[in-house]
Amino acid sequence: AGAAVLCAAFCGLTGLASITLLAFQLALVLRGETTWERLKRHHLNAAAQLPPDERPYDRGPRRNIAIFCGCEADPGVPKWCEGNQGKLAIRPAAAAAA
């Protein structure tokens, strides 16, 4: 009986951790962010001369999910560069200021 309680407690804690991580990752998908972008936003945006709250790969919740599920091709470039893959991937406002 003691082993069954221990096993149930372990499974419950593991399940809770998994559900929490899944919820966090789904929230990131909806916002068009990676875990790395979420944790290093300040440094990444400062290096790219972007506003602190800018998410360059966010395409909106519906399109983010379509890209994540493979229903739509991932452009792989910031949203302001779509259709200009051969050109420099600098935000237009930052390029004009430089």
Side-chain angles (χ1 to χ4, degrees):
V5 171
L6 184 61
C7 182
F10 177 76
C11 289
L13 289 174
T14 304
L16 180 62
S18 297
I19 289 171
T20 303
L21 182 60
L22 177 64
F24 176 70
Q25 293 298 323
L26 286 175
L28 290 178
V29 167
L30 289 172
R31 291 185 356 211
E33 276 186 304
T34 64
T35 306
W36 184 57
E37 287 174 312
R38 175 72 177 148
L39 298 175
K40 300 289 185 180
R41 164 92 32 236
H42 174 72
H43 300 292
L44 294 171
N45 284 10
Q49 301 176 352
L50 298 173
D53 59 344
E54 178 75 31
R55 292 190 307 269
Y57 296 96
D58 182 17
R59 302 299 196 279
R62 184 177 298 147
R63 192 162 174 214
N64 290 342
I65 290 174
I67 292 169
F68 178 76
C69 294
C71 299
E72 184 176 327
D74 182 5
V77 295
K79 57 189 165 195
W80 59 81
C81 292
E82 282 188 24
N84 300 320
Q85 275 77 357
K87 297 183 181 171
L88 188 60
I90 296 178
R91 185 178 183 165

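Each residue takes its place number in the sequence, starting with 1.
A salt bridge links E72 with R63: the closest approach of a Lys/Arg side-chain nitrogen to an acidic carboxylate oxygen falls below 4.0 angstrom.
Taken to the nearest 0.5 Å, the CH2 atom of W36 stands 14.0 Å off from the CG atom of L28. The line from CG of L16 to CG of L21 is 11.5 Å long, rounded to the nearest 0.5 Å. Taken to the nearest 0.5 Å, the NE2 atom of H43 stands 14.0 Å off from the CD atom of E37.
Nearest approach of N64 to D58, heavy atoms of both residues: ND2-OD1, 2.8 Å.
D74 places no side-chain N or O within donor-acceptor distance of the main-chain N or O of I67, the cut-off being under 3.5 Å. In this structure, R55 contributes its side chain and R31 its backbone to a donor-acceptor pair below 3.5 Å.
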Which donor-acceptor pairs under 3.5 Å do the side chains of residues 2-15 make with protein atoms, sequence neighbours left out?
residue, atom, partner, partner atom, Å
T14, OG1, F10, O, 2.8

